[in-house]
Amino acid sequence: MPLIVCHSPKGGVGTSFVAAGLAQGLSLLGRDVVALDMTAQDGLKLYFGLAPDQRLPDFDDDVIDQVTVGGVVLRSGWRSAHSVDFAQDLRTGDLPFDGETVYIADVASTDVALAQILRRYALLHICTLSPTAMALAQLPRISPGRPLDALTGTMFVLNQLDETRRFARHATLFLRELLGENLVAQIHRDEAVNEAVGMQQTLSRYAPASAALIGMQALVTLVEARCKAGVAPVEQPEATAARAGKSAAA
Amino acid sequence: MSNTWRSWAMRLASVVLLLPLIVLTVGVPLDGREQWQCAGATIVGALVLARGKSRRTTITLALLSVLVSTRYLFWRTTQTLSFGTPLEFLLGSTLYLAEVYAWVILLLGVVQTSWPLTRPVVEITGAPEAWPMVDVYVPTYNESLAIVRNTVYAAMDMDYPAGRFRVFILDDGRRPEFRAFARAAGCGYITRDNNLHAKAGNLNAAMKRTDGELIAIFDCDHVPTRAFLQLTVGWFQKDQRLALLQTPHYFYSPDPIQRNLGTVKDMPGEGELFYGPVQEGNDLWNATFFCGSCAIIRRAALEETNGFAGETVTEDAHTALKLQRTGWNTAYINARLSAGLATERLVVHIGQRVRWARGMTQILRIDNPLTGPGLKWQQRLCYLNAMLHFQFPLPRIVFLTSPLAYLLFGQNIIHASAGQIFAYALPHLFCSSAASKRMHRGDRRPFWGEVYETILAFHLVKPTVMTWFQPRKGKFNVTDKGDLLDQTFFDWAIVRPHLICIALIVGSVLLGFAKLLLFPQMFNIQLDSLVLNTAWATFSLIILLAAVSVARESRQTRTDIRIPAELPVMIYLASGHVVAGTTINISMGGAAVTLPREMPMRDLKVTHITLAMGDETLAVPVETVRSVAGASYLRFRPMDMTASRQLVRAVMGRADAWQLPAPHPVVSGLRSIGDIIRVDRVTMKRILRLNFAERRLLRAQRVEAQKRAAAARADAESTERDNAKPGKGPLARAAAIALMALGLGLVAQPRAVQAQAQPVTAVAGTPAPLIDPAKAGNGTRHLHLSLKDLRIKTPIRLAGTRGEIGIPFGMRQSDVVTDATLTLHFAWSPALLGDLSQLVVLVNGEVVQTVALRPSDSGGQDLKIAINPALFLPGDNQLNFRLLGHYARDCEDPFHSSLWANISNTQSWLDLTVQPTAQALDLARLPGPFFDRFDNGALKLPFVFAGKPDHGDLAAAASIASWMGSLASYRGYGFKPMVGQLPQGNAVVFLRAGASLPGVDVPVTGPGATLVRNPVDASGTLLVLTGRNDDEIRLAAGALASGHGVVGGAHMAFDGARIPTWPRYGAPRWITTDRPVKLGEVMPAYALQGMGLPPGPLTARFRVAPDLFFWPHDGGSVDLTYRYPTAPWLDRKGSRLDVSLNGTYLRTLPLTGNWWQWLLDGGPFGTGSAHDSVGRQSVVLPRYTLFGQNELVFDYNLILADKKKCTGTLPENVRVALDPNSTIDLTQAWHALQMPNLATFAGAGYPFTVRPDLAETTVVMDANPSAEAIEAFLNVMGRMGDATGVATTGVTVVSEIDPDQLHEQDILVIGSSALAGTEALFGGAPVRFENGALRVNERTPLQYLEALLGGSEWHGSSDDAQSVVYAAKGFSGIVSFQSPFTAGRTVVALLADQPATLPALVDGLNDEKINAQVQGDLSVVTGDGMTSFAIQPQYWVGSLPAWMKLGYWFAQHPLLMALSALIVALLLTGPVYLYFSRQARRRLDSAGDDK
């Protein structure tokens, strides 16, 4: 039951875009993928080329007509995640995170509590950043008290990168220094992302040459490798997990 | 210890084995066909070898090429350096020297490039803070800051600990902007107050100001990659004696050849051969030399040699040489760690090479690497090769223009036939090109070396030659780089010499064909030579045209050279889109990038591209020049210093920026020459203005350029127009040159017409004049001498208005003519005018009768003319017939075909009645009266023995017979033995003590000779030889025959007379081979003169030892000087001198004088004055036409000019002459022959006559020889005497076979077939006596094998011979075989079943035709001739050294020759491979120190 949590302490850095891209990428690799939109915005579906008025079935509903785009099943998780017994269900394993299916949860930046609960059960936490001063300022909040490059369950993605800007270049350098191996992908800012949503198309369809897809591809490859390694979730003691993470990376 | 001993023994053994093979393969010359076989086999072998791809095969091929080329050069040296004229000598020796140069370069190249050392990179050891301190020098003089800036940036960005290296600009130009830049960039700036010693001085001055342990030097346009120091410094730590580490100069801009010959794709640069195999090969021998840039030098080493060498203009190579002389090592890493700009234009490129050539020549002269201390021989050779390489200009020009010698001047500068030259040169060229293809890998395509050299050759002649003589002159010139060419134009000036050369060659080829097709009568042009020279000229043209093509400078407008590189980039579009792409190419000013195909290209504008540079990212603002599907062309916007520096690093600093993805593919010779021809074709089109599409493009470019120029500057326009019309003017000039060449060629030497051979057959024959046997009472005799008896072999044909023949004949001294009648049978042309035409008969100059030639009698007439006997003189007489013929009364052609008269030679005769006069008996008059040289008939002299002749008598008789034979010679002779009775007339009598003859009363008191009157014939004289025993009678005969001790009187005693002995080959009739023999020695001077029109043939007869062995030479030679008059009446073109030998036509010599002489006379318009002309020519006497007896005929054929026009009279008394000082040169011959060979016995009595007195000959006869056997014996001895001119005073006669006595003797057997029954002697003979008849022996298997290896040629099988022997009723024939008693000695047996047929057998040898049929080792009389067989294996006789025999044997087996070359190459490969690989290991293992 690999669960991948996409959550960033800073909003507006493109967490949903990364979650959608990751879901599509893994699906292309042949995985069963369920994308869970756990935000109130309900914006994840837009990156799949769906119209804003398209309603997604709830996470814990039993539905016959799944909303599927390119092999990815889309569910809304906002309601169930905010139900009282969600944490309880998670703990008892009642939630049906099946063995082979990859669940990708897009969590709003403000929903820190949910993110923390989910991360406990997640295979991976994808934290999206942008090369902006504001985003950098949020970094200490991700994992207080622990160096970011030592985290084993978290992967950082630098999104909306514009290397023609000096600050962006320097921020990239800084992040690379700070996060080390954990900075797994850099996704270029590309107007095509915006246009694709506007055109109600997936990015890979609308602009297959988009530079944003290249960084995304790198991310997908790494996550796929991590899924294959099938490392147990974060509940184990930190030291063991760290070692397991390293061996997975190896 | 024992191991080394064994290895030495092995080496010695292999040398002993291989050396002879090598000598044979190199030295044994082959004839045309054999050499072709050898060449073909060698080439096939090389092709097979070339299929192997290993290093070993490369070495084998290299060794093979050395062998084959050495063989070629050996052949050139020994066989082809014979020149007829001074011009031939000049041109021919120049070509030869050029070939020697090429050979030396080939050898040096094999040493140098057989094993390129691949030196790996070693890591720098130790902590980074302790790495060696490096000073990086960037010397500059006048280059622009824009160029220097990049280099400095890149140098400063090298990956090396920051504190451990410093970059310095060494500015000899002392420019403030450089100082400012250095300050801004943060690098050092060093300058000095003078410019002494140019670059070397600049570097030396800087050395004093810095203190780094190592000094890295980059020319200001050589941009290093970041990895440069990291990859190179390690070796300096590993090898403490390493002074210099050089890396290749890589040029990222195309060199002028690459650029201007855009037709050829993916061409490796010109320098890649040098920076590939050559420097790697140098590294193997620790002889890498400094190339001025991209290298690191150890300061300590430099301080030992007082810094950089400043004496020469190539300070780099000289510095390296000095370092190596002091024992420092050098090394080479073939990794492109820096990149620079190639010279931009051809003219600059040539300027640079001029400097290199001058510098290298300077070093060669000032500090020759062959001499001086401190170098190993391999280092010396490597340096020598580098310096000799630059001596290529003269040889290259010689190679290009050599065909002119034949085509233009008609000079044969290689003394060999075209076929032979092809056959020798082909394997040499093929193997050396195959080997160099292997050694040069893909770094130099086949034939491009020739193109490169040709481009430079003409310009480098002056600097190399001048420097050779004045090595210390000339100054350093800086190579300009980075020029711009805004126009494509043709640099005619730079290729003017090439164009002249092309015009000359084209002109001369045309001229050659014109000579052959249009004026064959004027020029002596051979088709094969013409084809050879045309092929050669065509090759020259192909190369020259390619060189000329480079002069078309193609437009070069970009400031920055674009480097093809595929770097990943992010492309930022103005639309906000970002896509990934790769660069197609990139430069410091812009880039071309790929775009995703699906991008809409309309209005596509790129604002930035970003390049990943390791950690950092470089974003470059750009503007879009244009975009096409999938690609966009961008120009960089101006950047600040940091960004530029980063850009330099991104573009040029990448560690792998310049690495070749894969080695250049090896291109086949055919493809390569195809490329060159394609280049030529394009250039031809351009020259002929057929390049329409290209010109349209050019025009468009021009218009564009003009527009730009007009906008930019007003004055640009004028220069535009200058370049706007390339081609026309120079083309006209080229055409003019071609025309001039054509004109020059036309006036070139008119050679003699090659006439058909006029075979002149006149070999000494066997005339059989008749002597009327009827005798008048008082000794009066009648002589009937037909003209044929007077040696006129064919009917006489008199022609022309004045035809004349003189017939010499002799009269005995003792005779007086009492009556004489001439009977003539003759006929003449009915067209003759009866009243004007006459035949005049003269005897000794007196007119005997004048016969009017009336048409009515012309059918033929018999005329008896009585001659006044008083006209005949004792001794020489001459009978002349003179025809005075006229067919017209006024103007007539003196050689009109109707002017003829024929006189029969058989039906015309002289009838003479002669009366002998009484002569006193006086031994002083010997050989008279027995032989008189004025006798016209054969000598018949009976030999009378008082009793049964024993061996002494026979030996004595042999002396007299051979003496008489040598005197009578061609007249013929016969010696009939008689026992106990006296004949009529003269006779020789052998009288022993105790024997007596009735009527001969001579006391026998010791060796003596007495003349007495013949008691049975008063007019006869007897020569009585007396002796008490064998020795005395032999002494008497020998003394008499050799003319020693004869004083006079009727009686002589010879007690104590000494008979001279003769050395081997001492026969006076054989011309010596110790020195050239003058014609005047062989012939009387008058015989070398000719008179009349035509003068008729002049004949030189000479005999040589029949065993002359000329191989490997073609034969002997006649160095002839001949004179003839030259006057306007002589038709120079038609007149000729034909030389023939023994009826085989050899050569026609011109009677034209030389063309310059002709010009001096006024050429075609001058009248010309009469003068004498002298021709000098050397004529080869081919070995296969030289026999024992030879007749060399010189037939002057003077043709009258304008004979049809009745202008003037016929020239009188025209005389021609051969200089008696002309020589026959046989000095190159050995005495050697493969025996048995009966032909030499039949011709010259060989091998017995080797000692002319037959001192090493034993004659074996029956104990009781029959009279016929004795007659045959005497006649054979006569032949011996005739052959040598010496009496056979040394001959021994035996009848018992005694091996001791027959040891070291040549054995002559004469007698009945039964003699062949003696097993001891005839054991190894081809025949044996069995059951009363001869049987032919079968060959044994061993003999088969011997024959196979010995290369004997067999005529017919033994079965055939057997049937012939049976068929002959009663065998009569000659057998020859090797003596069973001594190897190398010969037995010749004249055998007959009926001894009565023996004299006929010997007489048969006098017949020229029968004589020619005698050969091999068995010759049988059949019918009217003889049939010959060769049955036994052959053996060598003579003094040929064993190695010559081996060589000769090899020469018969050309395929074996080729095989041995391959074997030698293969066998040598092992040791050579080991040697090379050991050296390579030593160089790389032990820190490069190979001491």
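Throughout, protein chains are lettered first and strands after them, A, B, ... in sequence-line order, and every chain is numbered starting at 1.
Of the atoms belonging to B/Ser575, it is backbone heavy atoms, and not side-chain ones, that fall under 4.5 Å from chain A. Contact annotation for A/Arg166: neither backbone nor side-chain heavy atoms come within less than 4.5 Å of a heavy atom of chain B.
Within 6.0 Å of atom CE in B/Met641, more than 12 heavy atoms from other residues, nucleotides or ligands are found, so the atom counts as buried in its surroundings. A 6.0 Å sphere centred on CZ of B/Arg164 holds more than 12 heavy atoms belonging to other residues, nucleotides or ligands. Surrounding CD of B/Glu566 are at most 12 heavy atoms belonging to other residues, nucleotides or ligands under 6.0 Å away. The neighbour count for A/Gln66 CD, taken as heavy atoms of other residues, nucleotides or ligands under 6.0 Å away, is above 12. Around CD of A/Glu177, the count of heavy atoms belonging to other residues, nucleotides or ligands within 6.0 Å does not exceed 12.
Looking at A/Ile214 and B/Met570, their side chains come closer than 4.5 Å, going by heavy atoms from C-beta outward.
When all heavy atoms of B/Ala619 and A/Thr164 are compared, the pair lying nearest together is CB-CA, 4.0 Å. Heavy atoms only, all atoms of each residue included: A/Arg189 and B/Val578 are closest at O-CG2, 2.9 Å.
Using modelled atom types and a 3.5 Å distance limit, the side chains of A/Glu195 and B/His577 yield a donor-acceptor pair.
The closest donor-acceptor contact from the side chain of B/Tyr572 to the backbone of A/Asp162 lies at 3.5 Å or more, if one exists at all.
To the nearest 0.5 Å, atoms CD1 (B/Ile571) and NE2 (A/His188) are separated by 11.0 Å. Residue B/Leu611 holds its CG atom at 9.5 Å from CD of A/Glu163, rounded to the nearest 0.5 Å.
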